[in-house]
Amino acid sequence: MFFLLAVISALVVQILGVQNVQPNTTLLCPKKTALDTVAGCFEAVKLASGSDTRLLTRECCQAVKALPECLLIVYPTRALNTLILKAICAKKFPGSTL
């Protein structure tokens with residue numbers, strides 16, 4: 001069993017080493033985002049990241065939709081992928097074309 005795991009691990013490392021993998025250098029969202037154009041949107045997103053979507057509006061979700069895929073710093077020790085925020089908006093406003 002250990003031998004099989006070692007062989008699979010070696011193959012994965014070899015395959016990944018052959019590919020020309022370009023790291024995403026823009027992992028973090030820019031400091032100025034579409035969220036800044038909607039009053040209270042950033043605070044609503046921070047609360048929504050903790051399951052409180054009361055302050056999340058359609059306009060705010062439209063701003064969230066405009067964000068590229070990146071990590072948004074919502075607290076000094078917490079960042080969220082914008083795909084998660086977009087999913088929160090889709091759940092809050094189902095069927096909406098945001």
Side-chain angles (χ1 to χ4, degrees):
M1 185 67 163
F2 177 74
F3 177 74
L4 182 60
L5 181 61
V7 169
I8 291 172
S9 297
L11 287 173
V12 168
V13 168
Q14 183 179 14
I15 290 170
L16 291 177
V18 171
Q19 294 176 351
N20 185 9
V21 178
Q22 296 287 332
N24 183 359
T25 56
T26 58
L27 290 176
L28 295 178
C29 293
K31 290 185 180 189
K32 186 83 171 159
T33 66
L35 300 181
D36 299 325
T37 63
V38 179
C41 188
F42 186 75
E43 290 301 316
V45 165
K46 283 173 56 174
L47 290 173
S49 71
S51 300
D52 183 359
T53 61
R54 290 177 294 152
L55 299 179
L56 208 55
T57 63
R58 284 187 188 277
E59 294 79 20
C60 184
C61 283
Q62 287 174 340
V64 167
K65 185 179 179 187
L67 293 173
E69 184 179 347
C70 55
L71 295 175
L72 182 68
I73 306 292
V74 291
Y75 292 104
T77 59
R78 186 169 185 197
L80 288 178
N81 189 305
T82 54
L83 293 177
I84 294 170
L85 299 175
K86 291 174 186 181
I88 291 170
C89 282
K91 185 176 179 183
K92 168 101 181 197
F93 300 107
S96 178
T97 59
L98 296 177

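Values below: every heavy atom of this structure, side chains too, minus hydrogens, waters and symmetry copies.
- When all heavy atoms of Ala34 and Leu67 are compared, the closest pair comes out as N-CD2, 4.2 Å.
- Put simply, the side chain of Lys86 never gets that close to the backbone of Glu69: no donor and acceptor are under 3.5 Å apart.
- By the criterion of side-chain heavy atoms lying less than 4.5 angstrom apart, applied directly or through intervening Ile, Leu, Val, Met, Phe, Trp or Tyr residues, Leu47 is not grouped with Leu85; the two fall into different hydrophobic clusters.
- Closest non-hydrogen pair, Val38 versus Ala63, comes out as CG2-CB, 4.1 Å.
- Here the side chains of Leu35 and Leu72 are in contact, with some heavy-atom distance below 4.5 Å.
- There is a path of hydrophobic side-chain contacts, each under 4.5 Å, that joins Leu56 to Ile84.
- Lys65 NZ to Gln62 CD: the interatomic distance, rounded to the nearest 0.5 Å, is 8.5 Å.
- When the side chains of ILVMFWY residues are joined at heavy-atom separations under 4.5 Å, either directly or via intervening members, Ile88 and Tyr75 end up in a single hydrophobic cluster.
- Taken to the nearest 0.5 Å, the OG1 atom of Thr82 stands 8.0 Å off from the CG atom of Leu71.
- Legend: side-chain hydrogen bond (donor to acceptor under 3.5 Å, both in side chains) pairs involving residues 40-56, not counting sequence neighbours, sorted by first then second residue: Asp52-Arg54.
- Separation of atoms SG (Cys70) and CG (Leu28) is listed at 8.0 Å; rounding is to 0.5 Å.
- Of all the heavy atoms in Cys29 and Thr33, the pair that sits closest is CB-CG2, 4.4 Å.
- Cysteine sulfur proximity is not satisfied for Cys60 and Cys89, their SG distance being 2.5 angstrom or more.
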